[in-house]
Amino acid sequence: MPEDTNRVALAFSGGLDTTVCVPLLKEEYGYDEVIGVTVDVGQPAKEFDEAEETAEALDVKNFVVDAREDFADLCLRSVKANATYQGYPLGTALARPVIANAILDVAREQDCTALAHGCTGKGNDQLRFEAVWRNSEMEVIAPVRELGLTREWESEYAAERGLPVEGGSEGRYSIDTNLWSRSIEGSELENPATIPEDDIYDWTQNPSGKTAELVEIEFEHGEPVSLDGEAIEPVELIETLNERAGAHGVGRTDMMEDRMLGLKVRENYEHPAATVLLTAHEALEQLVLTQEERQFKKQIDQQWAQKGYQGLIDAPIVDALEGFIDSTGERVTGSVTVKLEGGHCRPVARESDYAVYSQSAASFDEEDVTGGITQEDATGVAKYHGFQSRLANRAMDNARKKNSE
Ligand code: ARG
């Protein structure tokens with residue numbers, strides 16, 4: 001390649017949006033060469049085949065980067081923060097900064113001067129990609145948004161140019177899949193009143209007739225480290241739980257979501273592993289954290305999820321939030337058993353050396369002794385309980401009487 005080649009790195013999936021971006025980056029933006037970068041965050045194998053084939057047909061050099069471990073680590077950080085946004089465990093959102101950083105690395109290695117994505121101007125992903133990229137020396141290009149393209153225009157353009165878009169694996173839906181979640185949008189699902197057909201689901205089965213199953217997860221400092229007593233790495237843990245819990249129909253969400261730009265959208269998600277890990281983690285926190293820690297942590301967790309949704313996990317506040325999360329997380333060590341049954345996942349057993357729970361203190365069977373406290377000692381507390389409300393109510397009664405005299 002000549003040294004002065006004007007080169008742009010494109011976030012490439014092989015789908016319609018990114019495919020039409022290739023000729024447009026050359027013709028409309030004047031780049032000599034487009035390189036593609038496909039980042040592996042756990043998409044199904046067929047998506048890589050599709051990207052590879054399309055890149056070849058377009059005569060684009062495509063780089064594939066395996067970022068599954070980095071992504072899985074981030075997913076587990078989100079578990080420590082019990083992170084969901086309006087009920088959605090953030091799969092797409094958390095993947096974006098990981099993908100954006102991987103593309104930036106390739107672009108630098110390949111002497112690119114610009115970065116491009118195929119996101120529209122309506123969604124969240126443009127903001128998440130650009131938050132990372134605009135922190136670099138590179139030019140940022142968003143052809144679909146800047147040229148105001150529609151899917152219809154893109155299809156016609158692709159047909160005219162003979163671009164390879166036939167093999168699209170997603171059918172009529174817009175699907176985004178990674179280790180943490182699979183999202184399904186578009187077509188008849190855009191009408192919130194339409195009940196989804198069963199065929200929108202791929203990771204979760206209809207659980208009817210399936211026998212319940214127990215799963216035991218062991219945590220160390222808030223991080224899941226073993227499954228049913230066997231040590232396991234994050235990527236494998238997530239993949240295994242997606243299969244096991246998915247078979248029971250665990251982890252389906254059908255929701256209205258508030259996007260960053262203010263739009264409301266109808267979203268369908270599948271996220272079996274996320275549901276299991278979030279459920280188990282929270283059950284362990286219930287056992288080991290004090291009530292005030294848990295109450296305050298809800299606010300911390302919500303802030304973390306907000307930054308996660310925005311694709312801003314590099315924001316300084318996230319470090320500060322994680323200071324609290326890691327400090328309380330030191331005691332989130334122990335194990336939780338959850339039951340997978342009929343589309344649900346619920347904790348059924350938990351144990352930890354750090355349990356605040358004391359059986360002898362709570363039991364109906366024993367007269368306890370922890371700290372030398374007896375039942376009688378509660379008499380004074382019971383007399384005072386509600387004291388201020390009684391004072392207030394009495395004052396109101398007296399005032400009413402006085403005013404009516
Ligand atoms: N609304 C979600 C988010 O912003 C997921 C979007 C997924 N995209 C898709 N083409 N299905 O995180």
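Whatever order the structure lists them in is the order used to number ligands and atoms, beginning at 1. These figures come from a predicted structure and were not determined experimentally.
Other residues, nucleotides and ligands place no more than 12 heavy atoms under 6.0 Å from the CD1 atom of Ile195.
With sequence neighbours left out, the salt bridge (Lys or Arg N to Asp or Glu O under 4.0 Å) criterion links Arg128 to Asp125.
With respect to the salt-bridge test (charged N to carboxylate O, under 4.0 angstrom), the residues Lys339 and Glu213 do not qualify. Ionic pairing of Glu293 and Lys297 is not present here: no N-O contact between side-chain nitrogen and carboxylate oxygen is shorter than 4.0 angstrom. Between Glu185 and Arg266 there is no salt bridge, since no side-chain N of the basic residue sits under 4.0 Å from a carboxylate O of the acidic one.
Cation-pi contact between Arg252 and Tyr201: present, with separation from the ring centre below 6.0 Å and deviation from the ring axis of at most 45°.
Protein heavy atom nearest atom 12 (O) of ligand 1, with residue, atom name and distance: Tyr88 OH, 2.7 Å. Taking atom 4 (O) of ligand 1 as the reference point, the nearest protein heavy-atom neighbour is Asn124 ND2, 2.8 Å. When only non-hydrogen protein atoms are considered, atom 9 (C) of ligand 1 lies nearest to Glu185 OE1, 3.3 Å. In terms of protein heavy atoms, atom 7 (C) of ligand 1 is closest to Ser183 OG, 3.0 Å.
At least one heavy atom of Tyr269 sits less than 4.0 Å from an atom of ligand 1.
The side chain of Arg128, and not its backbone, has at least one atom closer than 4.0 Å to an atom of ligand 1 (non-hydrogen atoms only; side chain from C-beta on). Contacts with ligand 1 closer than 4.0 Å are made by heavy atoms of both the backbone and the side chain of Asp176. Contacts of Glu267 with ligand 1, taken as heavy-atom pairs under 4.0 Å, involve the side chain alone.
Every atom of ligand 1 with a heavy atom of Glu257 under 4.0 Å away is listed here by number and element: 1 (N), 2 (C), 3 (C), 4 (O).
In terms of polar-atom proximity, Ser174 is counted as a contact of ligand 1, with an N or O under 3.5 Å from an N or O of the ligand.
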Can you list the steps and then say if Arg151 with Asp17 is a side-chain contact (heavy atoms from CB on, under 4.5 Å)? CA-CA 8 Å; Arg151 293 285 285 187; Asp17 291 317; 3.4 Å; yes
